[in-house]
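In this text the structure is predicted, and so the values were computed from the model without any measurement. By convention in this document, chain letters (A, B, ...) are assigned in the order of the sequence lines, proteins followed by strands, and residues within each chain are numbered from 1.
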2 protein chains.
Amino acid sequence: MRNQGPEMEVVHLLRAVTVELGLHSARFASRNGMHPTDVRALIALMDASRADQEMTAGRLGAVLGLNSAGTTALVDRLERAGHVRRVRGKADRRKVAIEVTESAVELGWDHFGPLIGRAVELLRVYDERETAAIRGFLEGVREAAKECD
Amino acid sequence: MRNQGPEMEVVHLLRAVTVELGLHSARFASRNGMHPTDVRALIALMDASRADQEMTAGRLGAVLGLNSAGTTALVDRLERAGHVRRVRGKADRRKVAIEVTESAVELGWDHFGPLIGRAVELLRVYDERETAAIRGFLEGVREAAKECD
DNA sequence: TCGAGTATCTCGCTCGGCGAGATAATACGG
DNA sequence: CCGTATTATCTCGCCGAGCGAGATACTCGA
């Protein structure tokens, strides 16, 4: 029942990929004296900056599943390491916007750039229908993971 | 330079999938009073059992990147929760083989089964060439993550 | 202006993981 | 066989990430 069609091989492969990508992030973390949570925080911050919306301390904690105390400690760590700046909200001065520093972006690019480059190379060999299949499968899994709660 | 061809969209999508799968594991962990590391340990143990090779305490710690003290604490936690059994090695009595209990397997299947089922469904709609593309891309990314260290 | 609401921070604590070293079992040269 | 080096795991003491509770600082509606 819980056994292998040929599809299960791909499912295990996807899981292996997530494990390997997790280890890749962990190497980045330990090389820079950071913890897994700090890396997740930087990724969330860069995502927000790419979407051109400001990330406050509270929203960051919510995304990472931390409470306010843990979030403060996290931002303290990142700020002490120079990866992040606290900027008091101009409109609402209770809020604290968190901005990644240029040095943190460089650091991240140095580590993740080569991997991203190779992934992009991989995609070049596929035609439109194959690329659509890859995109469709990934989107489907993302939705499924969101909904199977 | 570090900007968007249409390929970058797929790369970001893959990253989003790993984030979502991570959150799915985290839900499993918190629902069962476990920590992320405990879930990773159970996955490693089930992988080993699927490959029909015994997992010792030391090997488990190495896979997870824990030292011996942390590994002992981890196995203590899992054993206390009834997810795992310690079995002294028969050939080499220094070694301690770790076996997942049937109840842990059931627990894992209850949580991950639906997601796996939906992923398998997704794959059914693709023909052989599309499936090969998905497999090829995932294998390529796995290799790239391993090699970009 | 006052009080309710909201965003962040401080304090004290728990517990996962680490380093160092103890213990137990095996391997191996003499 | 015996003693010593080696290997696998465990024990002890400590550090630090993250939590709960409550303090602080700011905003907004009445």
State whether the side chain of B:S49 and the backbone N or O of B:L45 hold a donor-acceptor pair below 3.5 Å, judged by distance alone. no
Sorted by chain and residue number, the salt bridge (Lys or Arg N to Asp or Glu O under 4.0 Å) partners of B:R118 (sequence neighbours excluded) come out as A:E147
Please table the atom pairs, donor to acceptor, closer than 3.5 Å between any side-chain atom in residues 131-144 of chain A and protein atoms at least two apart or in another chain.
{"residue": "A:T131", "atom": "OG1", "partner": "A:D127", "partner atom": "O", "Å": "3.0"}
{"residue": "A:R135", "atom": "NH1", "partner": "B:E9", "partner atom": "OE1", "Å": "3.2"}
{"residue": "A:R135", "atom": "NH1", "partner": "B:E9", "partner atom": "OE2", "Å": "3.4"}

Reading nucleotides 23-30 of chain D from 5' to 3' and marking B where a protein heavy atom lies under 4.0 Å of the base, S where only the sugar-phosphate is that close, and - otherwise, the string is --BBS---
Besides B:L23, the hydrophobic cluster formed by Ile, Leu, Val, Met, Phe, Trp and Tyr side chains linked at under 4.5 Å, directly or via other members, contains B:V19
Under a 4.0 Å heavy-atom cutoff, the residues of residues 27-66 of chain A touching DNA chain D are A:H35, A:T37, A:G65, A:L66
B:A44 meets the side-chain contact (heavy atoms from CB on, under 4.5 Å) criterion, sequence neighbours left out, with B:M55, B:L60, B:V63
I'd like a table of donor-acceptor pairs (distance under 3.5 Å, sequence neighbours excluded) in which one partner is a side-chain atom from residues 24-36 of chain A, with atom names and distances.
{"residue": "A:H24", "atom": "NE2", "partner": "B:C148", "partner atom": "O", "Å": "2.9"}
{"residue": "A:R27", "atom": "NH2", "partner": "B:A145", "partner atom": "O", "Å": "2.7"}

Residues at least two apart in sequence or cross-chain that pass side-chain contact (heavy atoms from CB on, under 4.5 Å) with A:V125, listed by chain then number, are none
note: B:R86, atom CZ; D:dA8, atom C1'; distance rounded to Å ~ 12 Å
Side-chain donor-acceptor pairs under 3.5 Å in residues 74-87 of chain A, sequence neighbours left out?
{"residue": "A:D76", "atom": "OD1", "partner": "A:R86", "partner atom": "NH1", "Å": "3.0"}
{"residue": "A:D76", "atom": "OD1", "partner": "A:R86", "partner atom": "NH2", "Å": "2.9"}
{"residue": "A:R77", "atom": "NE", "partner": "A:D38", "partner atom": "OD2", "Å": "3.0"}
{"residue": "A:R77", "atom": "NH2", "partner": "A:D38", "partner atom": "OD1", "Å": "3.4"}
{"residue": "A:E79", "atom": "OE1", "partner": "A:R86", "partner atom": "NH1", "Å": "2.8"}
{"residue": "A:E79", "atom": "OE2", "partner": "A:R86", "partner atom": "N", "Å": "3.4"}

For A:R59, the salt bridge (Lys or Arg N to Asp or Glu O under 4.0 Å) test, sequence neighbours excluded, returns none
Sorted by chain and residue number, the side-chain contact (heavy atoms from CB on, under 4.5 Å) partners of B:D92 (sequence neighbours excluded) come out as B:R94, B:K95
- request: For D:dG18, take OP1 and OP2 only and decide whether either is under 4.0 Å from a side-chain N or O of A:N67.
  value: no
Ordered by number, residues from residues 69-83 of chain A within less than 4.0 Å of DNA chain C (heavy atoms) are A:A69, A:T72
